[in-house]
Asker: 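I have a structure here, written as structure tokens, and I will follow up with some questions on it.
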Protein chains: 2
Amino acid sequence: MDKIKTENTETEILIAAKEIFQQKGMAGARMQEIADKAKINKALLHYYFRSKQLLFEAVFKSAFSLLAPQLNKVLNDDSDLFEKIKRFTESYVSFVIKHPYLPNFVIQELNKNPEFVLKLRSEKNFPSISKFKLQVSDAIQQGIIKPIEAEQLFINIMCLNIFPFIGEPLLMALVDVDKDNYNKILENRKTEVAEFIINSIKI
Amino acid sequence: MDKIKTENTETEILIAAKEIFQQKGMAGARMQEIADKAKINKALLHYYFRSKQLLFEAVFKSAFSLLAPQLNKVLNDDSDLFEKIKRFTESYVSFVIKHPYLPNFVIQELNKNPEFVLKLRSEKNFPSISKFKLQVSDAIQQGIIKPIEAEQLFINIMCLNIFPFIGEPLLMALVDVDKDNYNKILENRKTEVAEFIINSIKI
DNA sequence: AAATTTGTTAACCAAACGGTTAAACTATAT
DNA sequence: ATATAGTTTAACCGTTTGGTTAACAAATTT
């Protein structure tokens with residue numbers, strides 16, 4: 001049953017690497033720290049993943065493959081536009097509570113390594129905006145929403161949902177609340193954000 | 001006139017350090033690279049700033065002192081609420097074009113070092129939301145805007161303005177446009193964002 | 001102009017880093 | 001039981017890192 005043992009170790013490494021990389025980034029992460037967290041020898045990291053770069057890429061891709069389905073909830077879901085926005089804003093908060101460092105990690109590393117986006121794009125399941133575009137122009141033609149470019153609306157949805165987590169330390173200081181009260185604000189945003197968006201676009 | 005020469009070197013170091021730190025972060029920056037960019041010996045960095053940490057803190061505080069006045073345009077300006085939102089969204093884009101890495105740098109390092117916010121907060125000119133709160137509740141009472149918590153509105157304004165730059169590589173890929181077309185989208189946001197916000201809250 | 005302080009450099013250092021090696025251990029197959 | 005293949009470790013290696021030193025150069029002071 002060496003297969004099981006191997007998979008266990010490999011999984012332990014990935015779990016440990018995910019935590020360290022997501023908190024400290026590629027540059028700030030240390031192989032020794034990952035090994036310690038996985039409770040194994042440092043050499044084992046290289047036995048399973050050859051280099052820091054390859055381990056990082058494994059973690060990054062796995063992180064993005066968790067994020068992509070969330071984004072597809074806006075882009076490729078069949079439900080009604082308003083309903084979709086409501087559902088997304090609600091589920092996204094729950095998602096980030098489960099994976100607090102993930103969106104920031106993905107965005108940060110993409111900023112430091114923009115070419116990396118090409119690798120992601122070529123993979124299947126990479127979210128596409130085309131369906132969403134049709135849905136928006138349909139809604140405009142049917143007189144349900146005011147004219148707006150689908151790209152702008154999509155960006156707005158992303159902004160309002162993702163940034164409160166990425167900008168948390170800054171926003172907490174500016175709004176002048178502690179962690180508990182900021183969490184209450186985030187909790188309220190589950191419904192608040194969808195309302196804010198729909199108010200803006202509905203006729 | 002050694003004062004002038006000193007200040008020049010010190011300034012050269014700060015300029016170089018700002019570029020390197022903002023692009024690569026504290027963990028990714030190398031003292032040698034900063035020295036090279038400033039065209040001086042590495043030992044001089046330590047002569048003027050003693051350690052990487054202190055040099056970083058100097059850069060960070062200087063970066064934040066550029067950002068703070070921008071934020072105060074929303075929080076402590078005397079103009080009318082709608083006018084304020086319009087002006088801010090327009091001027092923020094210009095600001096980020098001038099300092100492309102700055103907001104991301106501040107937010108990223110605050111995430112990796114949340115205690116740092118305390119140091120910023122204690123300094124004068126740290127933006128405060130209290131005036132904005134009054135303005136919002138006044139506008140609600142006068143029936144100009146729908147009821148909304150000032151904190152939520154402020155967070156929304158921040159989201160819609162800051163995130164398009166921080167999330168640029170991701171958003172570019174999702175919206176499926178190249179840099180030129182993304183810049184056009186950003187250009188449109190100068191007016192689009194304020195419109196979006198005001199549409200949502202006005203009665 | 002001599003002395004002192006300030007600015008600058010080349011050479012160096014110890015620690016930390018990513019990565020390698022060779023040997024030991026474990027488990028299955030023969 | 002023994003060979004074989006996969007797993008794990010301790011010890012090691014060369015390089016890079018932030019930081020220091022000691023000597024030199026330039027400017028100020030006396």
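Below, all heavy atoms of this structure are taken into account, side chains as well, without hydrogens, waters or symmetry copies. Proteins get letters first, then strands, A, B, ... in listed order; numbering begins at 1 in each.
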Asker: Tell me: CG of A/L54 to C1' of C/dT20, nearest whole Å?
Answerer: 16 Å
Asker: Figure out the CG/C1' separation between B/L44 and D/dC24, and round it to whole Å.
Answerer: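 Those two atoms, CG and C1', are 13 Å apart.
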Asker: Atom CG of A/D36 to atom C1' of C/dA16: distance rounded to whole Å?
Answerer: 14 Å
Asker: Write down the distance between CG (A/N8) and P (D/dG6), rounded to a whole number of angstrom.
Answerer: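 After rounding, the reported distance stands at 18 Å.
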Asker: Between A/Y47 and C/dT20, does any side-chain N or O lie under 4.0 Å from OP1 or OP2?
Answerer: no
Asker: Name the closest nucleotide to the B/A43 side chain, picking from C/dG19, C/dT8, D/dT20.
Answerer: D/dT20
Asker: Keeping the roles fixed (side chain from A/E10, backbone from A/Y48), state whether a donor-acceptor pair exists under 3.5 Å.
Answerer: no
Asker: Indicate yes or no: does B/K86 engage B/E195 in a salt bridge with an N to O separation below 4.0 Å.
Answerer: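 The answer is no: the pair does not qualify as a salt bridge.
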Asker: Do the side-chain N or O atoms of B/R50 get closer than 4.0 angstrom to the phosphate oxygens (OP1, OP2) of D/dG19?
Answerer: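 B/R50 to D/dG19 OP1/OP2: no side-chain N or O under 4.0 Å.
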Asker: Toward the 5' end of DNA chain C, which comes first, A/M26 or B/I40, by nearest nucleotide?
Answerer: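 Nearer the 5' end of the strand: B/I40.
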Asker: Tell me what B/L45 touches on the nucleic acid: a base, only sugar-phosphate, or nothing, going by heavy atoms under 4.0 Å.
Answerer: nothing
Asker: Establish, for the pair B/K119 and B/F116, whether the NZ or CZ atom is under 6.0 angstrom from the six-membered ring centre and no further than 45 degrees off its axis.
Answerer: yes
Asker: Using whole Å, report how far CD of B/Q32 lies from C1' of D/dT15.
Answerer: 14 Å
Asker: Answer yes or no: does a side-chain N or O of A/S51 lie under 4.0 Å from OP1 or OP2 of C/dG18?
Answerer: no
Asker: Using whole Å, report how far NZ of B/K39 lies from C1' of C/dA10.
Answerer: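 So the NZ-C1' distance, B/K39 to C/dA10, works out to 20 Å.
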Asker: Consider the side chain of A/N41, meaning its heavy atoms from C-beta on, and name the nucleotide among C/dG18, D/dT17, D/dT9 that approaches it most closely.
Answerer: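 Side chain of A/N41 sits closest to D/dT9.
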Asker: Name the closest nucleotide to the A/H46 side chain, picking from D/dT17, C/dT20, C/dC17.
Answerer: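 For A/H46, the side-chain atoms sit closest to C/dT20.
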Asker: Heavy atoms under 4.0 Å, any strand shown: does B/A27 hit a base, just sugar-phosphate, or nothing?
Answerer: nothing
Asker: Between A/E151 and A/K133, is there a salt bridge with N-O shorter than 4.0 Å?
Answerer: yes
Asker: In whole angstrom, give the distance that lies between atom NZ of A/K52 and atom P of D/dT16.
Answerer: 15 Å
Asker: On a plain distance test, is the side chain of A/K42 in donor-acceptor contact with the base of C/dG18 below 3.5 Å?
Answerer: yes
Asker: What's the CD-C1' distance between B/E33 and D/dT17, to the nearest Å?
Answerer: 13 Å
Asker: Of the nucleotides D/dG18, D/dT9, C/dG19, which one has an atom closest to the side chain of B/M31?
Answerer: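 The answer is D/dG18.
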Asker: Going by side chain to side chain donor-acceptor pair (under 3.5 Å), name the residues that satisfy it together with A/N181, two or more places apart in sequence or in a different chain.
Answerer: A/D178
